[in-house]
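Quick notes on the structure that follows.
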Protein chains: 2
Amino acid sequence: MTTDQLPTFDPRCPMSTFPVQIGGRWTAMIIQCLDRRPCRFGELRRHLSPVSAKVLSETLQSMEADGYLVRTETAEGVSYALTDLGGSLIPLIRAARTWASEHLDD
Amino acid sequence: MTTDQLPTFDPRCPMSTFPVQIGGRWTAMIIQCLDRRPCRFGELRRHLSPVSAKVLSETLQSMEADGYLVRTETAEGVSYALTDLGGSLIPLIRAARTWASEHLDD
DNA sequence: CGGAATCCCCATGGATACTG
DNA sequence: CAGTATCCATGGGGATTCCG
């Protein structure tokens with residue numbers, strides 16, 4: 001019992017900002033979708049329905065700004081794909097899925 | 001390529017509600033604190049500073065309502081402790097911590 | 001198709017003061 | 001010590017409309 005110290009809040013502690021970073025309503029689900037393959041905007045919109053176009057657009061933009069995905073404009077249209085950083089969240093999201101399916105049976 | 005199906009949004013899909021459940025600004029950090037031992041209100045308040053008393057109180061109440069912790073009133077005062085459900089989140093939170101410390105070096 | 005613009009609501013979170 | 005009571009600012013999220 002040399003130390004009974006609790007972790008003190010520290011703005012630079014990564015965990016303290018984590019909820020803010022990927023706490024968005026759709027962030028985790030978008031990463032899940034893109035895990036399989038790059039997706040088009042409308043494609044994401046359909047599969048994440050009932051998300052609105054505005055919210056999806058904003059979310060995608062902030063995720064791109066944070067380096068979680070890249071937006072690519074091709075001849076056939078616009079496509080979104082995970083970056084390495086975005087992909088590195090997959091195990092965590094999967095763990096969250098597992099936890100949720102085991103404990104949140106509503 | 002029998003199925004190229006993306007996961008479709010489903011309100012009953014556990015993952016779709018996960019951000020809402022533990023997406024609170026302080027939820028994860030409270031669980032972290034209580035992992036070591038039960039804590040008093042003022043204790044949590046100090047270590048999570050700058051959280052306000054109101055926000056901490058509200059968060060603790062909703063977490064109790066969701067079954068993540070229990071509030072116990074003893075002779076010496078009030079104490080908060082993790083339930084089994086709350087404790088089951090520890091590995092996930094630790095994984096998030098690890099991920100954050102490796103990728104969010106701001 | 002892939003958004004941008006606009007308007008709006010309200011839940012989250014915070015500041016301050018007060019209480020048993 | 002452990003909160004409650006007010007009040008308030010912010011913005012995340014949504015509905016609708018418009019555009020190249």
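Just so we're clear, the structure is a prediction, and the values are computed from it rather than from any experiment. Naming convention: chains lettered A, B, ... in sequence-line order (proteins, then strands); numbering from 1 in each chain. Computed from heavy atoms alone, side chains included, the values below leave out hydrogens, waters and symmetry copies.
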Starting from [atom2] on [N], measure out to [atom1] on [X] and report it in whole angstrom.
X: B/Leu60; N: D/dA2; atom1: CG; atom2: P; result: 11 Å
X: A/Tyr80; N: C/dG3; atom1: OH; atom2: P; result: 3 Å
X: B/Glu73; N: D/dG3; atom1: CD; atom2: C1'; result: 11 Å
X: A/Lys54; N: C/dA5; atom1: NZ; atom2: P; result: 12 Å
X: A/Trp26; N: D/dG13; atom1: CH2; atom2: C1'; result: 10 Å
X: B/Arg25; N: C/dG14; atom1: CZ; atom2: C1'; result: 12 Å

Does B/Thr98 use its side chain to pair, donor to acceptor, with the backbone of B/Arg94 at less than 3.5 Å?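 Checking the backbone N and O of B/Arg94 against the side chain of B/Thr98, a donor-acceptor pair under 3.5 Å is found.
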With sugar-phosphate meaning primed atoms plus P, OP1 and OP2, does [X] contact a base, only sugar-phosphate, or nothing at under 4.0 Å between heavy atoms?
X: A/Glu76; result: nothing
X: A/Arg40; result: sugar-phosphate
X: A/Val55; result: base

Flag the pair A/Glu73 and A/Arg71 as a salt bridge only when some basic side-chain nitrogen lies within less than 4.0 angstrom of an acidic carboxylate oxygen.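 Result for this pair is yes, salt bridge flagged.
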Going by the rule salt bridge (Lys or Arg N to Asp or Glu O under 4.0 Å), which residues pair with A/Arg40 if we only count those two or more places apart in sequence or in a different chain?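 Scan of A/Arg40 (salt bridge (Lys or Arg N to Asp or Glu O under 4.0 Å), adjacent residues dropped) gives none.
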